[in-house]
Participant: 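To start, I am sharing the structure in question, which I have written as C-alpha cells.
From a predicted model like this one, the values you see are computed outputs, not experimental measurements. Just so we're on the same page: letters track the sequence lines, and every chain starts at 1.
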There are 2 protein chains.
Amino acid sequence: MFTFDQLTGFIAVAEELHFGRAAERLNMTQPPLSRQIQKLEKTVGAELLDRDNRRVELTAAGRAFLDEARRLMALASRAPVTARRIASGRQGHLRIGFTAASGFSILGPLLEEIGAIVPDVDIDLQELVTGEQIQGLLTGELDLGLARPPFDTEVFNSHLLYRESMVLAVPASHPLADLKRDIQNEDLKDEPLIMHSPTQARYFYDLVVRLHDIRHENVVHTVSQILTMVSLVAAKRGVAFVPHSATALGIRGVSFLRLASGEEEPVELHAIWNRDAKNPALVRLLRDLEFAAN
Amino acid sequence: MFTFDQLTGFIAVAEELHFGRAAERLNMTQPPLSRQIQKLEKTVGAELLDRDNRRVELTAAGRAFLDEARRLMALASRAPVTARRIASGRQGHLRIGFTAASGFSILGPLLEEIGAIVPDVDIDLQELVTGEQIQGLLTGELDLGLARPPFDTEVFNSHLLYRESMVLAVPASHPLADLKRDIQNEDLKDEPLIMHSPTQARYFYDLVVRLHDIRHENVVHTVSQILTMVSLVAAKRGVAFVPHSATALGIRGVSFLRLASGEEEPVELHAIWNRDAKNPALVRLLRDLEFAAN
DNA sequence: TCGAGTAATACCGGGAGAGCATCATGTTTA
DNA sequence: TAAACATGATGCTCTCCCGGTATTACTCGA
C-alpha cells in the first residue's frame with residue numbers, strides 16, 4: 001500500500017510538473033521526492049508520470065490516479081473533522097452537494113429552512129455537478145444532493161424542489177437583445193452557440209436538444225458549467241441556453257431573453273438522497289421537511 | 001496525518017473489539033497495535049475506542065470514523081486498479097475524428113469492432129474534414145482520424161480501411177440517368193458541374209481532376225462537403241462526382257451513375273494516428289485491430 | 001562543445017515502528 | 001479473600017525506512 005506522503009508528493013509533482021519546485025512546495029529536497037514517486041508507481045503498478053531529464057508530464061493513468069489521489073486526500077482531511085464534531089457532542093453533520101446554478105436560486109432559502117429545522121446540525125456544502133453528486137451519494141460521501149434528473153429511482157429517493165424556465169443568454173450589444181418578442185428557433189440559425197457538454201451536463205444538453213432545433217455546426221464551445229457559459233457569452237463568444245436562475249449571477253454585459261418554446265418551465269431541480277441512508281440528521285431533516293419517500 | 005496502517009489497524013480492532021485478536025489478524029503483536037490506535041486518536045483529535053482493561057467498544061466518534069476509514073481503504077484499493085486498467089488500455093478515452101462521408105460507410109462497423117475490442121473505453125466522435133483531423137492529431141486533441149490522403153507519413157502512421165469507386169450524381173430526371181452504359185468524359189462536356197473545393201476538399205478535387213477531364217468553365221459551385229454536393233444535385237443545380245458511399249445518404253431525386261474511368265476504386269479512406277501517440281487505449285486498439293505500423 | 005538545468009542514484013544518519021518483556025488492573029475462581 | 005487469569009499499556013531495543021547531502025547522467029541550447 002502507498003502512503004499519504006506519496007500521494008501528496010504525487011499531487012504536488014502532477015501540479016507543478018517539475019520535481020524541484022514540487023519538492024520546494026513540500027518543504028523537502030528533490031531526491032526523496034523522486035524516490036517517493038518511484039515507490040508509488042511501483043505499488044500502483046503503472047507509470048503515472050512520463051519524464052525524461054528535461055520534461056515531466058502525466059500519463060493517462062496518471063491523470064486518472066491524480067483524481068483518485070485528490071479524493072483520497074480530501075476524504076482523509078475531512079474524516080477527523082467529522083469525528084471531532086461528533087465527539088464534541090454536536091448533534092450531527094450533513095453533507096450537501098449542489099449544482100452551481102442551484103446555488104443562485106434555491107440554495108439560500110433551503111439552507112435557512114434547514115437551519116430552522118435542525119439548528120444543531122453542521123452543514124458541509126460542496127459544489128458538484130449532478131454526476132459527481134450521484135457518485136458521492138453512492139459512496140456515502142454525501143448525504144443530500146440538489147441535482148437534475150435523471151437518476152436511478154431504485155437507489156435514490158427524490159423530491160422536486162423547483163422548476164424554472166430556460167432563457168437565452170446573449171451579449172448585451174447583440175441585435176437579438178433589442179427584439180421585442182420571444183426568441184424563435186429561426187432567430188438562431190446563424191448564431192454561434194455555446195453548448196452544454198453532452199457528458200458533463202447531460203441534463204441541459206438533452207433538454208436543449210429536445211426543445212430547440214440545434215444546429216451542431218454552430219456550436220463553438222462545449223462547456224459543463226452555467227457560470228462558464230455566461231462568462232463566455234459576456235466575452236461575446238456566442239449565445240447560450242441557460243436556466244432562468246442564471247440571471248441572478250450578476251454578470252455584466254449579458255442579456256437574458258425569453259424563449260418561445262413549448263414547455264413553460266422545463267428545468268427541474270430535485271433534492272435526492274440514498275434510499276438506505278442512515279445519517280440520523282438526514283432522517284430527521286427529511287421527516288420535518290415532509291419530503292415523503294416517493 | 002494518520003497512515004493507512006493506522007486505519008487498517010483501527011478497522012481490525014473496531015471489528016474484533018479485541019486488540020489481541022485484531023493483532024493476530026494483522027500478523028503482528030498486540031503492543032504496536034495499541035500504540036497505532038493511540039497515535040491515530042491523537043492525530044484525529046478524538047477518542048475512537050472506549051476501552052478499559054476488560055472491554056473495548058466504539059465511541060460515537062469512532063463509529064463515524066470507522067465509516068470514513070472503510071471508505072478511504074476502499075478508495076485506496078480501487079485507485080491502483082483503475083490506473084492499471086487505463087495504463088493497459090482496457091479503460092480510458094478515445095477521441096476519433098471522421099469525415100462526413102465516412103460516416104455513411106465504414107464508421108458504424110468500425111465502432112462496433114472497437115466496442116468489441118475495448119468495451120470499457122469511452123469514444124468521443126467528431127465530424128471533421130481531413131485537414132481539421134490532421135490538426136487535431138498534431139495538437140493531441142484527437143487520437144485517431146478517419147481521413148483521406150495526403151498526410152505526412154513522417155508524422156502519421158496509417159492503415160487503409162476502405163476503397164470505393166467514384167460515381168456521378170445526377171438529378172433523377174436528367175437524361176443521363178436513362179443511359180444504359182457507363183458515363184464517359186464526353187458525356188459531361190456541357191454539363192453544369194458541382195465541384196469539390198480545391199482547398200477544403202483537396203483530395204476529391206485532385207482525384208477528379210486526375211481521372212476526369214474537367215472543363216473548369218462548367219463548374220457552377222465549389223463546395224467542401226459531399227452531403228452539400230448531393231443536396232445541390234437534388235436541387236438540379238448540376239452533376240457531381242461523389243464517392244460511392246454517398247448513395248447511402250438516402251437523398252431523394254438523385255441517381256448515381258457508374259463512371260467509365262481508369263481506376264476501379266480510387267477513393268481511399270485511411271485510419272491515421274500520430275506516430276508518437278501514447279494514449280494506451282489507442283495503442284491497445286491498434287494492436288488488437290492489427291493495424292501494423294507502416 | 002560546453003554549460004545550465006533537471007531527474008536519478010549513492011551513501012549516510014536519525015527516527016519511527018515492530019517485537020519482547022513486563023506492568024497495571026480488573027475479573028474469575030477456588 | 002486471595003490467587004490465577006485476561007487484557008490493554010508501557011519500557012526497551014533493534015532494525016529498517018526515509019530524508020538530506022553529494023554526485024551522476026542526460027538533454028538542450030548557445
Participant: Could you tell me the separation between the CD atom of B:Gln36 and the C1' atom of C:dA16, rounded to a whole number of Å?
Facilitator: 12 Å
Participant: For every nucleotide of nucleotides 7-15 of chain C, 5' to 3': is a protein heavy atom under 4.0 Å from its base (B), only from its sugar-phosphate (S), or from neither (-)?
Facilitator: BBBBB----
Participant: B:Ile37 has an atom CD1; how far is it from atom P of C:dA18, in whole Å?
Facilitator: 11 Å
Participant: Salt bridge between A:Glu15 and A:Arg70, side-chain N to carboxylate O under 4.0 Å?
Facilitator: yes
Participant: In plain terms, say whether A:Glu24 and A:Arg21 are close enough for a salt bridge, that is, a side-chain N and a carboxylate O under 4.0 Å apart.
Facilitator: no
Participant: Let me know the distance between CG of B:Leu33 and P of C:dC20, rounded to the nearest Å.
Facilitator: 15 Å
Participant: May I have the step-by-step check of side-chain contact (heavy atoms from CB on, under 4.5 Å) for B:Leu58 and B:Leu49, ending in yes or no?
Facilitator: CA-CA 5 Å; B:Leu58 281 163; B:Leu49 293 163; 3.7 Å; yes
Participant: So, B:Arg148 and B:Asp206, do they make that salt bridge, N to O below 4.0 Å?
Facilitator: no
Participant: Take the angle between the ring planes of B:Phe151 and B:Phe156 and call it parallel below 30°, perpendicular above 60°, tilted in between.
Facilitator: perpendicular
Participant: Would you say A:His221 and A:Thr228 make side-chain contact, with heavy atoms under 4.5 Å?
Facilitator: no
Participant: If a pair satisfies ring-ring contact (aromatic ring centres under 6.0 Å, His included) and one of its residues is in residues 2-37 of chain B, list it, with sequence neighbours excluded.
Facilitator: A:Phe2-B:Phe4, A:Phe4-B:Phe2, A:Phe4-B:Phe4, B:Phe2-B:Phe65, B:Phe10-B:Phe65
Participant: Please identify the 5'-most and 3'-most nucleotides of DNA chain D with any atom under 4.0 angstrom from a heavy atom of chain B.
Facilitator: D:dA6 to D:dC12
Participant: Taking the basic N atoms (NZ, or NE/NH1/NH2) and the acidic carboxylate oxygens, is any pair closer than 4.0 Å for A:Arg51 and A:Glu41?
Facilitator: yes
